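We name chains A, B, ... by the order of the sequence lines, and we start the count at 1 in each one. As the structure is a computational prediction, the values presented were derived from the model and not from experiment.
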Amino acid sequence: MGRWPGCGQGPGHRPAGSHSQRGGSGMDPTDVAGEPQYRTLLAVDVSEAKAGQRVRLAGWVARRRDQGGVYFFDLRDSSGLVQVVVDPAEVPAARDLRMEYCISVEGIIRPRPEGMANPDLITGRVELAADDLRVLSKSEPLPFVLDARVEPEERLRLEYRFLDLRRPRMRANLRARSRAAAAMRDTLNDRDFLEVETPTLIRSTPEGARDMLVPSRLRAGSFYALPQSPQLFKQLLMVGGVDRYYQIARCYRDEDFRSDRQLEFTQLDVEGAFWGREGVFDTFEAVVAAVVAELRGSSLVVPFPRMTYADALLRYGTDKPDVRFGMEIRDLGDLFEGTEFRAFSAVLDDGGVVRGFNAGARDLSRSGLDALVDRAKALGARGLVSGAVDPEGSWHSSAAKFLSADEVAGLTAALDGSPGDLLLLVADSARVTAEVLGQLRLDLGKPEGHDDLSFLWVIDFPVFDELEGGHLVPSHHPFTSPVDVKEMRERPREAISKAYDLVLNGSELGSGSVRIHDPEVQREVFEILGISAEEAERRFGWFVKALRYGTPPHAGFAMGIDRLLAILQHETSIRDVIPFPKTQTGTDPMTGSPTEVDPDQLAELGISLSEAAAATDDG
RNA sequence: GGGGGCGUGGUGAAGUCAGGAGUUCACGCCGGCCUGUCAAGCCGGAGGUCGCGGGUUCAAAUCCCGUCGUCCCCGCCA
């Protein structure tokens with residue numbers, strides 16, 4: 001298979017021989033083994049070098065410009081646009097063309113007359129002088145205009161996705177996705193990874209997200225689940241001696257939608273034996289660099305920087321820091337130890353923290369500051385202390401009068417405050433403070449676009465997160481190796497795991513870990529999680545059994561391809577890099593799914609709907 | 001489960017806060033003119049139950065309540 005031509009930034013780099021490319025004249029539209037020949041060339045390959053050649057193109061009528069005695073239209077195909085010019089006296093069919101008619105057109109490539117070139121078009125120096133035109137397929141008037149100027153309501157775009165995909169932006173996204181996948185495969189194949197498929201109808205292991213269920217006909221009353229990820233299967237491939245595995249895997253999680261979450265999404269899933277974190281990082285850095293080189297034409301600096309989870313939370317208030325900009329959060333607890341300011345001293349005495357960051361020089365009005373305070377309160381803070389550094393180095397803040405001169409000086413120094421800088425402080429529990437300041441930092445500093453790419457490994461996640469009430473849940477997943485088993489056993493709340501995340505511009509791209517390969521350690525993790533031996537056996541017995549048969553040490557990672565593509569393509573939603581996505585309520589306006597099914601289908605599966613389900617289903 | 005934005009000829013918007021005749025703009029559609037246009041231009045025309053239901057009012061796109069759809073966010077997403 002030749003690579004699809006015209007995929008790049010200009011004409012002339014198309015590999016030879018990917019399509020028949022006849023020159024000369026006297027072309028018969030039905031000259032290839034009795035089949036109609038629709039085209040001999042792609043639009044973007046119409047160039048000055050081919051001037052004088054007789055060619056045939058096929059595509060859609062993008063724009064018409066009827067001059068009366070001469071008729072122009074832009075022909076669009078998968079490669080791009082080229083202007084076609086016809087004399088309606090010679091080719092009367094041109095008059096009947098309408099937008100998005102699918103046509104095949106033949107003529108001579110010729111340079112445009114002096115001064116008539118269009119610099120906005122790759123093919124703008126030439127045009128096709130057509131003498132034969134066949135309408136392959138007419139089009140009804142469109143439900144919306146295929147024009148970058150207007151963005152139709154997304155529901156409508158999805159209902160007519162087949163038209164939406166004709167827009168250059170969407171075509172570019174599809175192409176980027178294909179090229180990204182190819183770059184991933186090339187990189188991993190070069191490193192002797194094996195692409196292996198895992199099943200999409202698997203056993204339900206309720207844990208984490210809700211499973212999508214599929215009823216079994218042969219065992220009515222039983223259900224398969226769609227995989228939330230190939231996690232356990234890829235670990236079993238390691239036990240099976242595969243050594244280096246990857247898969248571009250579809251994953252399913254039945255949770256509520258966001259602009260970066262869909263019911264089904266795609267991950268680059270990787271696992272390897274006899275390696276650890278460094279091998280995983282090295283591999284993913286190579287993969288991501290290859291994708292960025294392919295889509296952005298730029299090279300990334302590797303290795304990516306690393307930051308511990310604890311550091312990320314302290315300095316950026318989140319486990320997925322956007323490090324494209326500064327405004328780092330600093331702990332000010334030492335500074336305010338023994339302060340007279342009761343709002344701070346009370347929190348510190350209570351085991352809380354005082355932290356803040358420098359939001360830079362910004363001229364906020366009274367109402368602007370009030371809005372910040374409201375925002376902080378909406379995020380869960382009890383309050384927000386704010387103020388600007390004034391030219392004398394003191395602090396213009398309603399809290400200033402409660403602070404000593406030393407405290408103000410120390411505060412300004414700690415936050416590198418220059419005159420005019422806005423300093424924001426929150427005093428609360430470590431958790432609330434991090435959340436509030438982290439979000440305010442993003443509100444005030446997050447860059448608009450994605451021109452800069454700041455990749456970051458976040459490492460040293462805790463083994464467990466503590467829920468309200470003290471119950472422990474896995475921070476990553478229950479198959480993640482702790483750094484130290486003894487520490488995990490004795491101080492599970494502080495224990496560090498061998499889990500890591502990859503973050504890009506403040507988005508979590510994926511996560512992975514060194515896995516547990518010792519069944520005894522696995523048993524202990526289940527125990528600490530409060531999963532009894534019986535329950536572990538019932539839910540994960542099929543997996544844990546495998547660990548007892550010479551499991552190699554192994555580690556892996558999974559990266560969300562949709563999120564990576566959205567950022568690289570400057571899209572704000574992953575829906576724009578997914579060919580056929582669903583709406584926020586999980587419906588597909590094009591096909592109308594999900595739908596009711598025939599009662600016979602349900603009967604065959606041994607399923608009857610509850611009255612409530614039947615009532616809410618309006619068909 | 002919760003909070004918020006949006007819904008106006010085929011499309012995108014303005015009009016809604018402050019009620020007074022379906023008003024306006026751009027694109028598209030239909031017809032006409034034009035031999036170098038290119039997000040063509042000019043002339044003419046068609047096209048709307050202002051998402052749906054209820055209420056307030058002499059009068060509702062506009063105010064109120066409900067509901068549906070969609071988008072953003074919180075929860076949720078091992």
Inset, instruction - Would you give a per-nucleotide map of nucleotides 3-16 of chain B, 5' to 3', where B means the base has a protein non-hydrogen atom under 4.0 Å away, S means only the sugar-phosphate does, and - means neither? - result: -------BSS----

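Base engagement by A:Arg112 is indicated by at least one non-hydrogen atom pair under 4.0 Å involving a base atom. When heavy atoms are screened at a 4.0 angstrom cut-off, A:Pro478 is found touching base atoms of the nucleic acid. Residue-level contact check: A:Asp120 touches neither bases nor backbone, having no heavy atom under 4.0 Å from any strand. Within the nucleic acid shown, A:Arg375 has no heavy atom closer than 4.0 Å to any nucleic acid atom. Contact annotation for A:Glu127: base contact, defined as any heavy-atom pair under 4.0 Å involving a base atom. Within 4.0 Å (heavy atoms only), A:Thr585 reaches sugar-phosphate atoms of the nucleic acid but no base atom. A:Arg157 comes within 4.0 angstrom of no nucleic acid atom, judged by non-hydrogen atoms across all strands.
Between B:U37 and A:Arg65, no contact under 4.0 Å exists linking OP1 or OP2 to a side-chain N or O. Proximity of A:Gln584 to the phosphate of B:C72: a side-chain N or O atom is located under 4.0 Å from OP1 or OP2. OP1 or OP2 of B:C73 has at least one side-chain nitrogen or oxygen of A:Ser259 nearer than 4.0 Å. A sub-4.0 Å separation between OP1 or OP2 of B:G28 and a side-chain N or O of A:Arg63 is present. In this model, the phosphate group of B:C30 is approached by a side-chain N or O of A:Arg98 to a distance below 4.0 Å at OP1 or OP2.
If you check distances only, the side chain of A:Arg261 does reach the base of B:C76 with a donor-acceptor pair under 3.5 Å. One can find a donor-acceptor pair under 3.5 Å joining the base of B:G75 and the side-chain atoms of A:Asp256.
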Which atom pairs, donor and acceptor, lie under 3.5 Å between side-chain atoms of residues 430-437 of chain A and protein residues at least two apart or in another chain?
residue  : atom : partner  : partner atom : Å
A:Thr433 : OG1  : A:Asp428 : N            : 3.3
A:Thr433 : OG1  : A:Asp428 : O            : 3.3
A:Thr433 : OG1  : A:Ser429 : O            : 2.8

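For the atom pair OG (A:Ser47) and CZ (A:Arg125), the distance works out to 11.0 Å, reported to the nearest 0.5 Å.
Among pairs with a residue in residues 497-519 of chain A, those fulfilling salt bridge (charged side-chain N to carboxylate O under 4.0 Å, His left out) read A:Glu271-A:Arg515, at least two apart in sequence or across chains.
You'll find the side chain of A:Arg441 stays beyond 4.5 Å of the side chain of A:Leu424, heavy atoms only.
Looking at A:Gln247, its side chain does come within 3.5 Å of a backbone N or O of A:Thr198 through a donor-acceptor pair.
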